[in-house]
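Working notes for the structure below.
Each chain gets a letter, A, B and so on, in the order its sequence line appears, and its residues count up from 1.
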Amino acid sequence: MTETLTLGKALNLGLRRAMEDDPKVVLMGEDIGKLGGVFRITDGLQKDFGEDRVIDTPLAESGIVGTAVGLALRGYRPVVEIQFDGFVYPAYDQIVCQVAKMHYRSKGKVRLPMVIRIPFGGGIGAVEHHSESPEAYFAHTAGLKVVACSNPADAYWMIQQAIASDDPIIFLEPKRRYWEKGEVSRDSATIDLHTAKVVREGTDATVLAYGPMVRTALDAATAAEEDGRSLEVIDLRTLSPLDMEPVYASVRKTGRAVVVHEAPGNLGLGSELAARITEQCFYSLEAPVLRVTGYDTPYPAARLEEEYLPDLDRVLDGVDRTFGW
Amino acid sequence: MTETLTLGKALNLGLRRAMEDDPKVVLMGEDIGKLGGVFRITDGLQKDFGEDRVIDTPLAESGIVGTAVGLALRGYRPVVEIQFDGFVYPAYDQIVCQVAKMHYRSKGKVRLPMVIRIPFGGGIGAVEHHSESPEAYFAHTAGLKVVACSNPADAYWMIQQAIASDDPIIFLEPKRRYWEKGEVSRDSATIDLHTAKVVREGTDATVLAYGPMVRTALDAATAAEEDGRSLEVIDLRTLSPLDMEPVYASVRKTGRAVVVHEAPGNLGLGSELAARITEQCFYSLEAPVLRVTGYDTPYPAARLEEEYLPDLDRVLDGVDRTFGW
Amino acid sequence: MTRASSKRAAPATAADTDFVQLLTPDGERVTHPDYSVDFNPDELRGLYRDLVTVRKLDAEATALQRQGELGIWASLLGQEAAQVGSGRALREQDMAFPTYREHGVLYCRGIDPIMPLGLFRGVDQGGWDPIANKFGIYTIVIGAQTLHATGYAMGVAKDGKVGGDDGEAVIAYFGDGATSQGDVNESFIFASVYNAPIVFFCQNNQYAISEPLQRQTRVPLYQRASGFGFHGVRVDGNDVLATYAVTRAALDNARHGNGPMLIEAYTYRMGAHTTSDDPTRYRVASEVEEWQAKDPVARVRKLLEREGIGDDAFFAEVDQEAKVEAVKLRERVLAMPDPDPTQIFDHVYPNGSAEVDEEREQFKAYHASFEGAHR
Amino acid sequence: MTRASSKRAAPATAADTDFVQLLTPDGERVTHPDYSVDFNPDELRGLYRDLVTVRKLDAEATALQRQGELGIWASLLGQEAAQVGSGRALREQDMAFPTYREHGVLYCRGIDPIMPLGLFRGVDQGGWDPIANKFGIYTIVIGAQTLHATGYAMGVAKDGKVGGDDGEAVIAYFGDGATSQGDVNESFIFASVYNAPIVFFCQNNQYAISEPLQRQTRVPLYQRASGFGFHGVRVDGNDVLATYAVTRAALDNARHGNGPMLIEAYTYRMGAHTTSDDPTRYRVASEVEEWQAKDPVARVRKLLEREGIGDDAFFAEVDQEAKVEAVKLRERVLAMPDPDPTQIFDHVYPNGSAEVDEEREQFKAYHASFEGAHR
Ligand SMILES: Cc1ncc(C[n+]2csc(CCOP(=O)(O)OP(=O)(O)O)c2C)c(N)n1
Ligand SMILES: Cc1ncc(C[n+]2csc(CCOP(=O)(O)OP(=O)(O)O)c2C)c(N)n1
Ligand SMILES: [Mg+2]
Ligand SMILES: [Mg+2]
């Protein structure tokens, strides 16, 4: 049986279930206790699991991640909430030099089963630092795995799979989709964490997206249909490692690919996808892989973000351009 | 008239000249005073310019960069030395959120004429964190400019051009080439900071490199010549923004491109170059743009680095593969 | 083999409350061995006017947010004395580095109060010139500005602008939560090591969003300074006179070349963290009422009444003038134009970038393609 | 309007040197009101043996580097008492988090002394199991391990493993330079707020590479603790007895649930920062000589002689045994095989990664292509 949940509520229930399943799971972050987090993703969890397992921390991201590493060394499974994407950088040193490398450094003797949850992306009319898409900074870092959920069902299962994994995982949550509803079956996960998923089949061109842009890509596909164009949409879900086989299969079929993300184009995920697709599907491509992304500027003031972020029209424009070749 | 200098000495003389030319230029960093820096790049400068302009700082990278921002606001032109690539991350928040964005945030009212010098790359048999190539982390960040020098003449002039620029610049120094000699003319710069340079002309394939890999690429080109293959080698010099026109022109001529860098391939500069070249030279390409890079692992122990780093043979292998298409 | 007795820190708790006070909640003056003020009646009335005005403008901004005219607002309600007291203590040549809540200091610096509303409306990210106004751009990343302030102060010292009454001093504002950030502690180190002319002004409003002070420290925050080699003082942050006196002394101490000081202004955030916040989830009404009784504005009114230098006519006039300013502010906010979309591409680099220019052109061409057309 | 008098911090300087001492450089015992030891002769001889051995092994490592057998070496010369004193103070259940210089503590933990040589030779990045050995992997990023130690200690408290003699305590090692890092100061905050069972052990060896202590602080480092809400002590780090007593007391204080303490072990780096460093560029010989006179090993030998519990035969035997250990170490280092190149791809992720496996296969195929062939 399934039920209708918002993406935020699905995460909340996924966290709750992970804490029920394993007493070693602890949550850490700013304002995650009584307040339940600024997005209420941890709502009610401190009340039910206590201050020892849902830990309001001092206001210091490096301290949060660094002490989480220590808790992991002690046998805990810390799940860290970074309040907003733009506030993860004080912890960047601990993430890149410690979280990502300690297993390697110790020749496998140490495992850090940590999840770092980051609400990411724009579209909520926020002030500076609250709308960023830092995924490339993490995906470029060997030793980290990076995933992004795009819908309530994935949110519910992916967070549990990430917590159950012994790999250190950056878990990206599309904050502007927290309130979007979807059907969730709580019986069992249907697909592995590190797999991409074809979320709409099509024949003319492949649109690759993840997190908040999956909905945008699907809307574009619906609109394209009216123009008589059939778009295949793939939700990448796992950003590092990438799950490329479904992507190659799709592009070999369609011959055209457009990557969509909010992050700036320069050295964004789109560049890596374009490079790999071109290398593996060179003779199948009718046009170069095109990218529809945020611009190569800092994230602008809120009243400009609608113009900054890829939307349905820009995705369709990108698709049109691949047909222009 | 020209003279023969090591790359390290050329940087030292470039810094000295920049300090002579502008009294607002101050150097900041760990051990840059009496010691002259662990690589002696600032050797003798504190003695001649005083502790007020060559500042030994507390051991705190965020503090160094953050106070440099304040000094820039006060009208100084701080040149920060990060001791090794692997130690820039504690300053990552200040670099990404403040150095990169303050000009934008202030609608142009504030300028931060800062240079952050980072000795980067491997090949010196060092312990962990001393051999990394973090360029993509900065090049993906709008608001920063990123350059890398590869030879003494460029080192001497590029450091001066970077200091004279009002843009915040990440200045990457190929540490393993500090001791390599080259001819330097101290009369005047012959080329702008943000331009790529064809350092060897060829007709069969284009090899793109920067920093320490330029020498490797040139050696490969020499070896390839013996196999009767003519490689064109481009020293990118500017990593953000990229100077693509010379690259496109070359690839349109050769039809084949190989990008070489030490950084891991996944989301490295090679992916962006491959994506752009494919988009702009789609019908000129005989083969996909291939990448010869460090592997997607943390930087390994010193006794493994020779196997980890791209070398002449791996570059030639990459070139061979482009001819395999 | 070793002594058993505990070495737990002194029993002082983060909440103990002895501080410098010159004016009680009832508007009575009290004396302090180290600090005093000698304002004349006009100056006292001026401070009252400041307090009423910044509170009124703040309330107007909150109302504008409620009506959808601002995206969010970070109210200073309850912190008026801490901000007006310290803001008025600044000399013209002094430089201030604010967080995102120092609207009262901004007002004292003589900056157009519309400025922060542009930021919270989302039309820009801070429109004023920080150098010309001697008041930094609002900083949202907690603690980051304390290092900028310290570096700026290091520059003041390099310029030889310390040592006399005309010396320049710098003030860095931050909150109780910010004291946990590495950047803030590193700024203490740099300021101390270089003996920079800076005052660290911590508004301890008892909360970091939902987290009470106890999540950041178990001893009073002003005590943090001594271990870094400078002096810390706790002042009643709801007492504009004491805040003025302590801040003025610290600034003068800095400008005369005696280095940094830390001031903990003990106050309370009467409202929500921001208009997005719901404080009922984490604090009880009785606590808020307790602080209500320590209101920073009311006690100055009582003082003026007590000393017979403010009558009902005066108070009514001040309220009226503040109301007029608030109405003006509202009208100007409503009249604020949205930014031109191409501003996305402006001021990315002082020297520009061909890449960004190209994106701007593509952006224009793309939007031109819709002219007339509609999907 | 405000008092003029300066508010500069107390005159204490970073270099003032009152500390806990139980054994003078001349090998005389002195008493201290708070700390004492009651070692029997065997235990004292054992400490001497430890000191001589770790110094000898360290010297051997330095020699191996000079001969090109190690890439680099970070010598503990001069810090033997700080490391042996604190290392021996650890109870079996206690956990230590080192920097890259704690070879003496590693030895006291009973870990094969070959381990750090593998790291500095470049065959690996730290071969021991940190959990099984209760001794973390060497951490090169300054200060990072203090947060790991604090988190681990928070976990100890969560596990309820504090409160009695069998409680677990954690010790975090770091240097004087590290005290400037945000991470170290944040670890003080987390440890204090959660009252974690941890001892912060700062070896103040007077230098951070070339930078003297004055570049990090203008007051003694042990004073840093009080502003974070716990106790700080400075101990003579060249006095193995005092270091033992103070560390043991702090660890027991922690294991009994009384929270963190900071120990500043006042010592001196007699050698170069590492074998890559040239200290003659930044410090004078006379300074080194002064400290020579405070040698941590010599004073214990004097004590043993003074108390008639160590004769020439014993000292000769200890030297001889240390020499034998050193020779064994050398032989094993020379016999260390280089790692198999495919190890580049091992242990990137606990659960593995298809991408990395693919690169490993490509790597093998690429190298196989050279078999026989030569370019
Ligand atoms: C580095 C960073 N982490 C988290 C946040 C989110 N955040 C904004 S305000 C705030 C609380 C700040 O508390 P405090 O320093 O006491 O200042 P106050 O808001 O009470 O004036 C937090 C956690 C941020 N802005 N920056
Ligand atoms: C974050 C960081 N910055 C810089 C370095 C380079 N570095 C290695 S050791 C060292 C000095 C450390 O001094 P201290 O903390 O006193 O320890 P000591 O070496 O004296 O034992 C520096 C700057 C580093 N390892 N990590
Ligand atoms: Mg607060
Ligand atoms: Mg030291």
Side-chain angles (χ1 to χ4, degrees), chain A residues 29-40 43 51 55-64 66 83-84 86-87 89-91 93 124-130 223 226-227 264-266 293-308 312-314 316-318 320-321, chain C residues 71-72 74 100 118-126 138 140-144 175-185 208-212 215-217 273-274 276-279 281-283 338-348 353 355-356 359-360 362-363 366-367 369-370 375:
Chain A
E30 297 158 2
D31 307 291
I32 66 169
K34 276 187 182 161
L35 187 62
V38 295
F39 291 109
R40 308 293 187 265
D43 190 20
E51 295 195 354
I55 307 166
D56 268 331
T57 64
L59 207 176
E61 287 74 13
S62 190
I64 297 168
Q83 198 162 72
F84 283 91
F87 307 136
Y89 306 115
D93 174 59
I124 63 165
V127 292
E128 198 181 1
H129 311 292
H130 292 68
E226 294 160 19
D227 310 5
N266 184 36
T293 69
Y295 299 106
D296 292 299
T297 74
Y299 199 87
R303 299 234 168 181
L304 292 169
E305 72 179 341
E306 290 309 321
E307 305 287 353
Y308 178 87
L312 184 153
D313 286 326
R314 283 182 59 200
L316 292 175
D317 175 67
D320 287 346
R321 284 186 285 122
Chain C
I72 186 173
Y100 40 79
L119 187 158
F120 287 105
R121 183 176 171 90
V123 302
D124 63 29
Q125 298 173 319
Y138 279 1
I140 289 170
V141 176
I142 298 298
D176 45 292
T179 60
S180 294
Q181 280 288 355
D183 275 8
V184 172
N185 292 278
I209 305 187
S210 72
E211 296 194 12
R215 292 261 64 77
Q216 316 293 340
T217 181
H273 168 69
T274 67
S276 314
D277 179 40
D278 172 11
R281 293 179 68 101
Y282 54 81
R283 69 184 187 187
D338 277 356
D340 179 289
T342 60
Q343 285 185 20
I344 289 171
F345 305 94
D346 296 343
H347 307 302
V348 180
S353 151
E355 280 184 2
V356 174
E359 288 188 2
R360 182 192 287 104
Q362 287 166 356
F363 179 88
Y366 168 71
H367 283 278
S369 72
F370 288 100
R375 184 164 250 126

## Note on the structure
Max heavy-atom pairs within cutoff under 4.5 Å with chain C, candidates H130(A), H129(A), E226(A), goes to H129(A)

### Message
If I compare all heavy atoms of L59(A) with all of G177(C), which pair ends up nearest, and what's the gap?
### Response
CB-O, 3.4 Å

### Query
Are the side chains of E128(A) and Y138(C) in touch, meaning some heavy atoms are under 4.5 Å apart?
no

### Best-contacting candidate, A60(A), G36(A), P298(A), against chain C by heavy atom pairs under 4.5 angstrom
A60(A)

### Task
Give the minimum heavy-atom separation between Q216(C) and P58(A), together with the two atoms involved.
OE1-CA, 3.4 Å

### Expected output: side-chain Y366(C) to main-chain R314(A) donor-acceptor under 3.5 Å
yes

### Query
Measuring heavy-atom distances to chain C, does R40(A) have an atom under 4.5 Å in its side chain, in its backbone, in both, or in neither?
side chain

### Query
Does any heavy atom of chain A fall under 4.5 Å from the side chain of I344(C), the backbone, both, or neither of them?
both

### Under 4.5 Å from a heavy atom of chain A, the part of D338(C) involved
side chain

### Query
For D31(A), does its backbone N or O pair with a side-chain atom of E211(C) as donor and acceptor, under 3.5 Å?
yes

### Summary
Honestly, the part of S62(A) sitting under 4.5 Å from a heavy atom of chain C is neither

#### Entry: Under 4.5 Å from a heavy atom of chain C, the part of E306(A) involved
neither

### Residue A178(C) versus chain A: region with a heavy atom under 4.5 Å
backbone

### Query
At what distance, to the nearest 0.5 angstrom, does CD of E51(A) lie from CZ of R215(C)?
6.5 Å

#### Entry: For P300(A) against Q125(C), the heavy-atom pair lying closest together
C-NE2, 3.8 Å

### Task
Answer yes when D43(A) and R281(C) have at least one side-chain N-carboxylate O distance shorter than 4.0 Å, and no when they do not.
yes

### Task
Examine whether an atom of Y308(A) lies under 4.5 Å from a heavy atom of chain C, and if so say whether it belongs to the side chain, the backbone or both; otherwise answer neither.
both

### Message
I'd like to know if the side chain of E359(C) reaches the main chain of D296(A), judged simply by a donor and an acceptor atom lying under 3.5 Å from each other, with no hydrogens or angles considered.
### Response
yes

#### Entry: D277(C) versus chain A, the contacting section by heavy-atom distance below 4.5 Å
side chain

### Task
Enter the distance from D340(C):CG to L304(A):CG here, rounded to the nearest 0.5 Å.
8.5 Å

### Message
Heavy-atom pairs under 4.5 Å with chain A: which of P339(C), G182(C), G143(C), G71(C) has the most?
### Response
P339(C)

### Message
Nearest 0.5 Å, please: how far is OG1 in T297(A) from CZ in F363(C)?
### Response
10.0 Å

#### Entry: I209(C), part contacting chain A, at a heavy-atom distance under 4.5 Å
both

### Contact class of H367(C) relative to chain A, heavy atoms under 4.5 angstrom
side chain

### Message
Report which part of V356(C) has an atom under 4.5 Å of a heavy atom belonging to chain A: side chain, backbone, both, or neither.
### Response
side chain

### Summary
Whatever's closer than 4.5 Å to a heavy atom in chain C on E305(A) counts as neither

### Side-chain heavy-atom pair V141(C), Y89(A) within 4.5 angstrom cut-off
no

### Task
Check each atom of R121(C) against the heavy atoms of chain A and say whether the ones under 4.5 Å are side chain, backbone, both or neither.
both

#### Entry: Region of Y299(A) that comes under 4.5 Å of a non-hydrogen atom in chain C
backbone

